[in-house]
Structure formats: C-alpha cells, structure tokens
Engineer: 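Quick one: this structure, given as structure tokens, is what I'll be asking you about.
Hydrogens, waters and symmetry mates play no part in the numbers below; they use all other heavy atoms, side chains included. Throughout, numbering of the chain's residues begins at 1 and tracks the sequence.
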Amino acid sequence: MTTHLQDNAFAQSPVGIRTMHLGFYVTALILSIFSLRAYAIPSESEASLGPEIEIVNLETASRPTVSQAAVQARKLLLTEKISTLSTVFPSGEKHGLDNQPIGLMDYYADCSEDGNPTLLAIKIATSRFRNAANGSSISLSIRKHAEHEFFSPAAHPRLSLIGQLKTIPSDSPEAQRLKKCFISRHPDARLWTPGNKIHESEWMTMEISSVYWIGGFGNVAYIGWIPLDLYKSVKLPFDDVQNVIEKDNQDNRDGWSWRKLFVQTY
C-alpha cells in the first residue's frame with residue numbers, strides 16, 4: 001500500500017509528469033522510426049522471393065538503355081493482356097462529342113513477332129472502333145500487373161502504343177491463327193469470335209507507329225520514346241507466353257530496380 005501511494009504521488013508530481021511526457025515522446029519516436037523502416041524491411045513474403053535486396057545509390061545507379069527498354073516494352077506487351085484502348089470522336093458526332101477522346105478497357109493479345117497487338121472488335125456499341133474507322137488514331141495503354149506489388153504503383157512500368165487498325169478477313173488463314181492465339185490468352189473470348197451467334201465481330205491488328213515507355217521512376221528506369229525499328233526488332237517467343245511470364249517474375253524476385261528503389265527511398 002505504501003509503495004503504491006508513493007508511486008501515485010510521484011506520478012502526480014511535476015517531475016513525474018515530465019518523466020511520463022518524456023517517456024511518451026521517446027516511445028512515439030521509436031514507433032515512428034520503426035513504422036518508416038517497415039517500408040524498407042522486406043516482409044516475410046518478400047524475404048522469401050530471393051536473395052537479400054541490394055541497397056543502391058540512386059545518384060550513381062545506371063538506367064536501362066533505350067535498347068533494354070525496348071525489350072522490357074515488348075515483354076510487357078507479351079505478358080499482359082488487358083489494355084485501355086483510346087480514340088477520338090470525329091467531327092459531326094451525333095452526340096456533340098466532336099474531337100473528344102474516349103478510352104475503355106479492352107482485351108488484346110500479342111500474336112505477332114513485330115509487336116503489333118491483336119484486337120477483337122465487337123461491333124455493338126463499340127464507339128472506339130467506329131472512331132478508328134472514321135480516321136481516328138488509336139492509343140493502346142498497358143500497365144504491369146505485377147505478381148508482387150511494390151510500395152508504389154508508380155514504380156511499375158507502363159506502355160503506350162499509337163497506331164492504326166487493320167482488319168483481318170475472317171476467312172483467311174491469318175484469322176484462324178489469330179483466333180487460336182487470342183483464345184489462348186482470353187478463353188472466354190471464344191464466345192465473341194467472328195461467326196458467333198451473339199455479336200458481329202472481326203479480327204484487327206494494330207499497326208504501331210509510335211512507342212512511349214515509362215519503366216518506373218526516372219532515376220532508375222528509362223522514360224521516353226522508343227524508336228519503332230528498335231521496338232520491332234526485339235525477338236521474343238510470343239508463342240510461349242507462360243515461359244516469358246515466369247522468367248519475368250523471376251527477374252522481379254532477383255531484385256530489379258523497382259525493388260532496389262523501394263529500399264533506397266525509405
């Protein structure tokens with residue numbers, strides 16, 4: 001009882017109050033430090049991804065060359081399959097949307113050796129494809145959907161392809177090849193392929209004219225235009241997508257610049 005009263009008296013004294021305040025601030029400081037360092041220390045799941053993450057000096061870290069960025073861009077095109085397809089409404093559009101842009105999610109598949117993606121154009125309410133038929137250029141935007149998200153979505157790469165659409169005759173051998181490739185990436189799309197009983201549709205190839213790449217944060221990633229001939233010259237096993245995806249995921253596990261940046265930033 002005596003000890004309890006003494007402790008209570010000390011706690012209420014000026015010295016005791018200052019001591020408690022000091023203890024509170026020290027605790028808060030320690031928690032703040034650990035909360036910040038938590039961003040820099042890999043979680044158990046991250047720690048199991050591969051060797052210890054290397055901390056790099058961002059002032060001296062080398063960025064990928066434009067040639068390396070071209071390979072990264074083609075790998076992204078090959079391993080992803082969902083895009084945002086954007087066009088511009090023509091002059092005289094009946095809803096008053098003259099020259100206004102529109103962009104919506106769309107399936108695509110990389111079925112060619114030159115980086116021209118394949119699209120399945122369904123003719124019901126497909127304003128984007130009608131816009132393209134009226135002369136609008138096309139922008140196909142793709143982002144990395146990583147197996148393991150990093151600390152910031154901005155650290156992941158994205159790609160914008162600009163070009164025009166070319167229709168592939170549905171009775172051609174090329175159309176049959178594209179169908180097989182496209183359905184391998186989008187099994188549900190077999191319901192909408194040309195000749196189906198639900199919607200009128202057709203195969204289209206996007207003929208790329210310009211390539212813009214953002215590899216992540218600019219201090220460790222290439223950002224800028226990629227020459228078209230360099231982009232098209234990249235050779236990947238486009239008929240063995242799963243192998244490329246697994247290799248790409250392994251590269252991430254081994255500590256690409258995004259994970260190095262993750263550690264250095266915090």
Engineer: Heavy atoms only: give me the nearest Ala221-Pro64 pair and the separation to one decimal.
Structural biologist: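 Smallest heavy-atom distance, with atoms named: CA-CD, 3.7 Å.
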
Engineer: For Trp213 and Tyr222, which heavy atoms make the closest approach, and how far apart are they?
Structural biologist: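 Minimum heavy-atom separation between Trp213 and Tyr222: CD1-O, 3.3 Å.
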
Engineer: Which atom pair, heavy atoms only, marks the closest approach of Leu159 to Ala73?
Structural biologist: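 Leu159 and Ala73 have their closest heavy atoms at CD2-O, 3.7 Å.
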
Engineer: Angle between ring planes, Trp225 versus Tyr212, binned at 30° and 60°: parallel, tilted or perpendicular?
Structural biologist: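 The rings of Trp225 and Tyr212 stand perpendicular, inter-plane angle above 60°.
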
Engineer: Where the side chain of Ser136 meets the backbone of Val88, is there a donor-acceptor pair that is under 3.5 Å apart?
Structural biologist: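 Side chain of Ser136 to backbone of Val88, a donor-acceptor pair under 3.5 Å: yes, one is there.
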
Engineer: Are Arg74 and Tyr231 in a cation-pi contact, defined as NZ or CZ under 6.0 Å from the six-membered ring centre and within 45° of the axis?
Structural biologist: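 The answer is yes, since Arg74 meets both limits relative to Tyr231.
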
Engineer: For Asn116 and Lys166, which I'm curious about, is there any donor-acceptor pair between the side chains at under 3.5 Å?
Structural biologist: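 No, because no side-chain N or O of Asn116 sits under 3.5 Å from a partner of the opposite role on Lys166.
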
Engineer: If I compare all heavy atoms of Ile142 with all of Ser83, which pair ends up nearest, and what's the gap?
Structural biologist: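 Here Ile142 and Ser83 meet closest at CG1-CB, 4.0 Å.
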
Engineer: Please confirm whether the backbone N or O of Lys81 pairs with a side-chain atom of His186, one donor and one acceptor, at under 3.5 Å?
Structural biologist: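 Judged by distance alone, yes, a pair lies under 3.5 Å.
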
Engineer: Mark yes or no for whether Thr118, through its side chain, and Thr205, through its backbone, hold a donor-acceptor pair below 3.5 Å.
Structural biologist: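 Checked: no pair found.
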
Engineer: Is it the case that the side chain of Arg158 and the backbone of Ala154 share a donor-acceptor pair, with hydrogens and angles ignored and the cut-off at 3.5 Å?
Structural biologist: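 Yes, the answer is positive, given that a donor and an acceptor are paired below the 3.5 Å cut-off.
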
Engineer: Under a 3.5 Å distance rule, please check whether Glu80 uses its side chain to pair with a backbone N or O of His145 as donor and acceptor.
Structural biologist: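 Flag set: sc Glu80 to bb His145 pair under 3.5 Å.
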
Engineer: Any idea which heavy atoms bring Trp203 and Thr193 closest together, and the distance?
Structural biologist: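 Nearest heavy atoms, Trp203 then Thr193: CZ2-CG2, 3.7 Å.
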
Engineer: Main chain of Gly92, side chain of Asp98: is a donor-acceptor contact present, judged purely on distance under 3.5 Å?
Structural biologist: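 Flag set: sc Asp98 to bb Gly92 pair under 3.5 Å.
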
Engineer: Just how far is it from atom OG of Ser141 to atom CE of Met105, taken to the nearest 0.5 Å?
Structural biologist: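 Going from the OG atom of Ser141 to the CE atom of Met105 covers 14.0 Å.
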
Engineer: How about Thr87 and Asn131: does a side-chain donor come under 3.5 Å of a side-chain acceptor?
Structural biologist: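 Asn131 and Thr87 do have a side-chain donor-acceptor pair below 3.5 Å.
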
Engineer: Say whether, by atom type as modelled, one donor and one acceptor occur between the side chain of Arg185 and the main chain of Thr79 under 3.5 angstrom.
Structural biologist: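 Between the backbone of Thr79 and the side chain of Arg185 there is a qualifying donor-acceptor contact (under 3.5 Å).
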
Engineer: From the options Leu85, Ile122, Leu140, select the one residue that forms a side-chain contact (heavy atoms from CB on, under 4.5 Å) with Asp106.
Structural biologist: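 Going through the options one by one, the only one that passes is Leu85.
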
